[in-house]
S.K.: 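Supplied in structure tokens, the structure appears directly below.
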2 protein chains.
Amino acid sequence: MADTEIPAPPWQRLPDRGSRRRREPISREAIVAAAIKLLDSEGLAALSMRRLAEELGTGAASLYWHVGSKDGLLDLVLDQIIGEGRIPDPDPPRWQEQLKEVAREHRRVSLLHPYVVRISLGRIPMGPNALRYSERVLAILRAGGLPPRLAVQGYLLLMSTVNGFTVDETGVDDEPAGDHRADDAAGRQEAANMARDYIASLPAGSFPTMTGLADEFAFSDADERFDLLIDIFADGLARHAQGGSTTVRS
Amino acid sequence: MADTEIPAPPWQRLPDRGSRRRREPISREAIVAAAIKLLDSEGLAALSMRRLAEELGTGAASLYWHVGSKDGLLDLVLDQIIGEGRIPDPDPPRWQEQLKEVAREHRRVSLLHPYVVRISLGRIPMGPNALRYSERVLAILRAGGLPPRLAVQGYLLLMSTVNGFTVDETGVDDEPAGDHRADDAAGRQEAANMARDYIASLPAGSFPTMTGLADEFAFSDADERFDLLIDIFADGLARHAQGGSTTVRS
DNA sequence: ACCTGAACACCGTTCAAGT
DNA sequence: ACCTGAACACCGTTCAAGT
């Protein structure tokens, strides 16, 4: 949590100021906490500097002294949420299973804060929590025997792959996280049904494959699809690790 | 190109109007073309309804009659660009290689219009070009022998995986596409070098793995990483297709 | 059937001025 | 060292009114 011993990377969009203790109203920490609270409850579109300031009982201009810009604030928000992820200690023979655990944990946190994937797009997370996170994931891959380059590339690819998945999963709705899983699942199923009906209604002459597969588009179990994804990824990476980049016979 | 025979999906954010032929100033097609031109030359941030209208010699309000909303416009832009992708006819024994070709082509188009990945986030592409695209990709997977569900799931996962990769690749800079590949590559390498130096400077006691891998972070050949990704993905999917979801021995 | 100007309700950020 | 009000230069969208 304490970012005292790690110097900020040179490209961080933050003003660096000395101390920051103060009585109550605002501090960098309080601003980040309020931003996350607002994001969790009202979604990404609700976060504006003006609205956030209002929530804190100040004017928008006051925030700029602490966080530099909205972009700088989002850097801090992202790092804070990355800090929620729990990564196990390396257990070498189980490295593939642990890699899947990392992926599942990443997805879990992303679904808890559905806006976070979109914040992370185009941002290279290099805050203190992100660094600790990377350290622990890379330790698992190295312990599993992956050579240096493959460990780093595999790590980067795992993150982008999981993000690519969750961005679709959280994509359409900009609503807050909420415990209304039922609503969400129902709405998702309804959308899938609409897609199926629409696909089924296409002219079969031009869309023979699609119309034949229409029913499969109604089946949209994200959990199952995610399991498939990390199976594919972990298997593929492990095969690569043993030099087996051979094409599987068909 | 002609979207006449395919009815629009019910959730499309567009006003449906009768004919649209007119002399010159604006039409749906002209608006979309102007939007893509603006996006290509000045990037996603430059596209506003007001700015686009100015480019077309009208006021912003005039655009709304044709495209309904900015969101509707982005739907059209996305479908137009998806239409640029070329998908080969199925060649069953080569399905894995063809799958990789699809991935490479998708990435190629995405890099040609670096903003398009971010437009596609949270959007389920269901325009006429997207449908034709899906039809052709799914035909390849079915011809390769994948069962219906695995074909659909594999297709969806491939798209999200490639998008996850390219969103990182195009992420930080919101600049236009441009032929200044050299600049881009140079800037990218410089950023990678900064990351390496920063990582190398971390306390080795807390970051033993990261500091040891610092040099690998400077190596950021996106092409090589992408090839690794689609190898992993295609291999993993093929193994799954033959029921081989077994964990690779370590 | 199409286009328009003007307005509504917002944005992020800056900056001189305060304490 | 921190906070403020007011301003600058923007947004997407609506709507009554025009032709």
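Note: hydrogens, waters and symmetry copies are ignored here, and every other heavy atom, side chains too, is used.
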S.K.: Any non-hydrogen side-chain atom of A/Glu135 less than 4.5 Å from a side-chain atom of B/Ser206?
M.R.: no
S.K.: Could you write nucleotides 13-19 of chain C as a row of B, S and -, 5' to 3', where a protein heavy atom under 4.0 Å of any base atom gives B, of only sugar-phosphate atoms gives S, and otherwise -?
M.R.: BBB----
S.K.: Please check if the side chain of B/Arg123 supplies one atom and the backbone of B/Asp71 the other of a donor-acceptor pair under 3.5 Å.
M.R.: yes
S.K.: Can you find a heavy atom in the side chain of A/Leu157 that is under 4.5 Å from one in the side chain of A/Phe233?
M.R.: yes
S.K.: I need the CG-P distance between B/Leu47 and D/dC10, as an integer number of Å.
M.R.: 15 Å
S.K.: For A/Thr58 and D/dC3, is the shortest distance between a side-chain N/O and OP1 or OP2 below 4.0 Å?
M.R.: no
S.K.: Stepwise, does the side chain to side chain contact (heavy atoms under 4.5 Å, CB included) test hold for B/Leu213 with B/Phe207?
M.R.: CA-CA 10 Å; B/Leu213 293 171; B/Phe207 298 96; over 6 Å; no
S.K.: As a test of reading the structure: which of D/dC11, C/dG12, C/dA1 is closest to the side chain of B/Trp65, going by heavy atoms?
M.R.: C/dA1
S.K.: With heavy atoms under 4.0 Å as the rule, sort B/Ser62 into base, sugar-phosphate or nothing.
M.R.: base
S.K.: Rounded to whole angstrom, note down the P distance from D/dA9 over to C/dA9.
M.R.: 23 Å
S.K.: For the pair made of CG in A/Leu63 and P in C/dC11, what is the distance, rounded to whole Å?
M.R.: 13 Å
S.K.: Any chance you could lay out the side chain to side chain contact (heavy atoms under 4.5 Å, CB included) test for A/Leu229 and B/Thr161, step after step, and finish with the verdict?
M.R.: CA-CA 9 Å; A/Leu229 177 65; B/Thr161 297; 3.8 Å; yes
S.K.: When you look for runs of 3 or more Watson-Crick or G-U pairs in a row, both distances below 3.5 Å, which of them include DNA chain D?
M.R.: C:4-8 with D:12-16, C:12-16 with D:4-8
S.K.: For the residue pair B/Arg107 and B/Phe165, would you count it as a cation-pi contact if the rule is NZ or CZ under 6.0 angstrom from the ring centre and within 45 degrees of the ring axis?
M.R.: no
S.K.: If you apply the rule side chain to side chain contact (heavy atoms under 4.5 Å, CB included), what do you find for B/Glu55 with B/Lys37, and how did you get there?
M.R.: CA-CA 10 Å; B/Glu55 221 72 27; B/Lys37 188 178 164 201; over 6 Å; no
S.K.: Pair B/Arg51, B/Glu54 - check salt bridge (charged side-chain N to carboxylate O under 4.0 Å, His left out), show working.
M.R.: CA-CA 5 Å; B/Arg51 174 71 198 284; B/Glu54 192 184 321; 5.0 Å; no
S.K.: Can you check the B/Leu52 CG to D/dC11 P distance for me, whole Å?
M.R.: 11 Å
S.K.: Check whether any side-chain N or O of B/His66 sits under 4.0 Å from OP1 or OP2 of C/dA1, and answer yes or no.
M.R.: no
S.K.: Are the side chains of A/Asn163 and B/Val167 in touch, meaning some heavy atoms are under 4.5 Å apart?
M.R.: no
S.K.: Could you state the CG-P distance from B/Leu56 to C/dC3, rounded to the nearest angstrom?
M.R.: 11 Å
